[in-house]
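Following: one structure in structure tokens, then a few remarks.
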Amino acid sequence: MNRDKAQHRIEAIAGFQEEFGRLQGMGLVALAPKERRAIKAYHDEVLADLGAHYELDAPAGPPAWGMRIAAVTGALVVAGLLAAALDAVWPSMALWARIAVALAAPLLLLALTEALRATGRRRYVVGLAAALAVTAFAGGLQAMAATMAMPLGLPAWLAIGLFAAALGQRYNLPVLAAAGLTLAGGVLAGLVATADGAAAAALFDRAEPLLAAGLALYLAAAVMWTLPCPVRPAYRSAGLALMAAALILLSHPGNSLLAAFAGVPPASMAAIYQFSAVIAGFAVMSAGLKFGWRDSLYGGLGFLIVFVLTRLDAWFGEALPDAVDILALIAAAALFAWLARLVYGLETARQER
Amino acid sequence: MPWSLRTAVAVLILAFAGLGAGAAFNHVGAPSGRLIVEECRLAAAPGGGLLADLFGGPPSLAIQTETFYRPAGPRRPLPAVIADAGLDAGGAAMHGFAAIEADGPAVDAYAARETLGAGDPRPLILRDFARDYDALARRYAETPGVAVARAVLSAERRDGVLRPVVAPAVKRPALTRIQRAYLASLPPREAPCRSRFLAEIVYGALGNPFVAALRPLQRVNP
């Protein structure tokens with residue numbers, strides 16, 4: 001082996017680690033912790049050996065958190081300075097100039113994101129540019145609505161959610177995709193719940209459309225199982241978030257549209273939803289454990305924890321003194337930590353099998 | 001171009017196009033009313049920058065209103081109005097339209113109830129609410145000094161009685177660049193306020209306001 005071949009081997013190992021991490025994130029492959037540790041130990045040994053023999057450095061690993069924070073801060077400062085400059089000239093700008101700025105800002109940031117991706121920049125840099133593009137889109141719509149004295153309704157928020165979800169899909173950014181899908185799903189549910197002209201807050205009293213939107217997103221991820229979708233976990237996470245919010249709302253009497261239509265007493269309907277919430281939480285966790293979906297496994301656990309806490313608060317919150325409340329909270333935290341550890345153990349055992 | 005990128009660009013363009021088309025229709029369609037309002041009856045502040053537009057900072061010009069239920073024609077009891085909107089059981093606020101009066105019997109009655117003096121600025125009065133635009137537009141078509149505005153109806157309990165509260169959906173009327181420049185050129189208001197201009201505020205086809213003209217008032221020195 002010569003120096004060039006050694007360099008090639010080092011880069012191949014780095015490429016394997018990066019791609020394998022991506023496949024693991026998508027849930028397409030799962031190795032037992034024991035096997036992961038064995039591969040890492042082997043690679044560390046090879047890298048140390050090649051580095052020592054040929055005086056080569058291993059390729060840079062993932063960027064440090066300090067670097068990421070500096071990049072985010074820098075981007076925010078630049079965006080803030082641009083906004084302050086625009087703020088000064090905004091009152092003297094004609095309508096056409098305002099429209100041009102509002103439209104150009106997200107389009108330019110979108111072009112920048114595309115250029116960063118094409119030139120192979122790190123994913124967090126691409127993600128930062130994509131997040132700024134979404135922010136510029138939302139800001140541009142708000143500025144135009146204020147300029148033209150048009151109320152910014154739910155359809156505008158649907159557009160913002162879809163835009164974020166599309167960028168998350170395009171640039172393989174699960175967090176952005178999940179946020180966009182959650183917003184879009186929530187707004188769609190809001191449009192259905194407020195079809196009679198009620199304000200958006202009515203969604204809290206009529207949470208069934210939210211449940212339907214969440215279920216649709218979660219099932220969409222299952223249907224897409226055979227399709228190449230790098231952000232499939234984002235669909236599951238968004239669906240889970242919407243379902244969790246809906247079930248927590250519906251577990252309170254009086255928040256169900258169905259109860260009013262079906263003539264069921266609110267308390268009975270709430271009890272049905274409480275039972276459904278427990279079943280749904282365990283079903284999602286089981287699916288996560290069976291198929292290796294960590295988002296579902298820990299998302300389901302998180303949902304059950306929040307659900308139980310909200311129920312305990314609703315049932316006993318006012319009856320118990322504050323000191324007992326705090327003690328109960330500490331006991332609950334300890335219990336949930338133990339549960340999380342148990343779930344982690346189950347996950348590890350399943351992977352090792 | 002991948003479908004996700006095409007979707008993003010299409011959503012972006014459609015959203016701005018929809019907003020622009022709505023604003024254009026509001027301007028060129030049949031207006032729902034025209035109000036002539038003195039400066040002191042409006043809120044005004046220097047500024048109106050981008051950050052004010054984004055985060056609701058001080059506006060160049062804003063409409064100030066009070067709810068005072070005085071519908072034209074036979075007056076319905078308040079509990080019936082609130083129950084029709086589904087607000088009697090603590091339901092969420094409802095979107096709809098309101099009759100906004102600048103000059104007329106409702107403003108006079110409000111001023112009398114609040115014992116406003118001759119020199120005190122009178123707020124614009126939201127005197128009626130309906131879910132349906134056409135019904136309200138027909139009812140006030142022949143009434144001068146009244147326009148139909150997009151509004152939100154909610155209810156609040158005061159002194160044990162549930163009362164309707166109407167708020168305009170848009171408080172800041174659209175201004176042209178020249179109008180903004182004129183407002184920015186004015187020195188701060190004196191106290192007590194002496195109006196320096198009349199604003200002609202038009203409520204467009206969608207019930208959203210824009211300023212058609214700002215007419216300076218001639219001042220005669222004492």
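Order of the sequence lines fixes the chain letters, A, B, ..., with proteins taken first and strands second; residue numbering starts at 1 for each chain.
Ranked by non-hydrogen atom pairs under 4.5 Å with chain B, the options A:A133, A:G139, A:A198, A:A202 are led by A:A198. Highest contact tally toward chain B, considering only A:L141, A:L95, A:L86, is held by A:L141 [criterion: heavy-atom pairs under 4.5 Å]. Of the listed residues (A:L158, A:V101, A:L103), the one with the most heavy-atom contacts under 4.5 Å to chain B is A:L103.
Looking at B:A184, neither its backbone nor its side chain comes within 4.5 Å of chain A, counting heavy atoms on both sides. Only the backbone of B:P173 comes within contact range of chain A, with at least one heavy atom under 4.5 Å from a heavy atom of that chain. When heavy atoms are compared at a cutoff of 4.5 Å, A:R98 approaches chain B solely by way of its side chain, counted from C-beta outward. For A:A164, no part lies under 4.5 angstrom from a heavy atom of chain B. Within the 4.5 angstrom heavy-atom criterion, no atom of B:L183 approaches chain A. Contacts of B:V152 with chain A are absent, with no heavy-atom separation under 4.5 Å from either backbone or side chain. For B:R150, the part lying near chain A is the side chain, with the backbone staying farther off; criterion is any non-hydrogen pair under 4.5 Å. Of the atoms belonging to B:R172, it is backbone heavy atoms, and not side-chain ones, that fall under 4.5 Å from chain A. Residue A:F204: no heavy atom, backbone or side chain, is found under 4.5 Å from chain B.
Within the structure, salt bridge (charged side-chain N to carboxylate O under 4.0 Å, His left out) pairs that include any residue of residues 60-70 of chain B do not occur (at least two apart or interchain).
In this structure, the separation between CG on A:L110 and CG on B:L12 is 7.5 Å, given to the nearest 0.5 Å. Rounding to the nearest 0.5 Å places OG1 of A:T194 at 7.0 Å from NE2 of B:H95.
Identified by a heavy-atom distance below 4.5 Å to chain B, the contributing residues of residues 78-85 of chain A are A:A83, in residue-number order. Contacts with chain B (heavy atom to heavy atom, under 4.5 Å) involve no residue of residues 247-257 of chain A. Scanning residues 131-141 of chain B against chain A with a 4.5 Å heavy-atom cutoff picks out B:R131, ordered by number.
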Chi angles and distances behind the side-chain contact (heavy atoms from CB on, under 4.5 Å) call for B:D53, A:Q142: CA-CA 7 Å; B:D53 280 354; A:Q142 170 60 33; 5.8 Å; no

Audit row: A:L162, B:T7, side-chain contact (heavy atoms from CB on, under 4.5 Å) steps and yes/no: CA-CA 8 Å; A:L162 288 175; B:T7 305; 5.8 Å; no

Intermediate values then yes/no, side-chain contact (heavy atoms from CB on, under 4.5 Å), B:W3 and A:R170: CA-CA 8 Å; B:W3 69 267; A:R170 166 69 181 144; over 6 Å; no

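Minimum heavy-atom separation, B:A8 to A:F163: O-CD1, 3.3 Å. Of all heavy-atom pairs spanning A:Y171 and B:L5, the tightest one is OH-CD1, 3.8 Å. Nearest heavy atom pair, residue A:D87 against residue B:A52, reads OD1-N, 4.4 Å. Shortest non-hydrogen contact noted between A:A102 and B:F16 is O-CZ, 3.4 Å. A:A166 and B:S4 get closest at one heavy-atom pair: CB-O, 3.4 Å. Between B:R177 and A:S92, the closest heavy-atom pair is CD-O, 3.0 Å.
Using modelled atom types, no side-chain atom of B:N208 and backbone atom of A:M150 make a donor-acceptor pair closer than 3.5 Å.
No more than 12 heavy atoms of other residues, nucleotides or ligands sit less than 6.0 Å from atom CD of B:E38.
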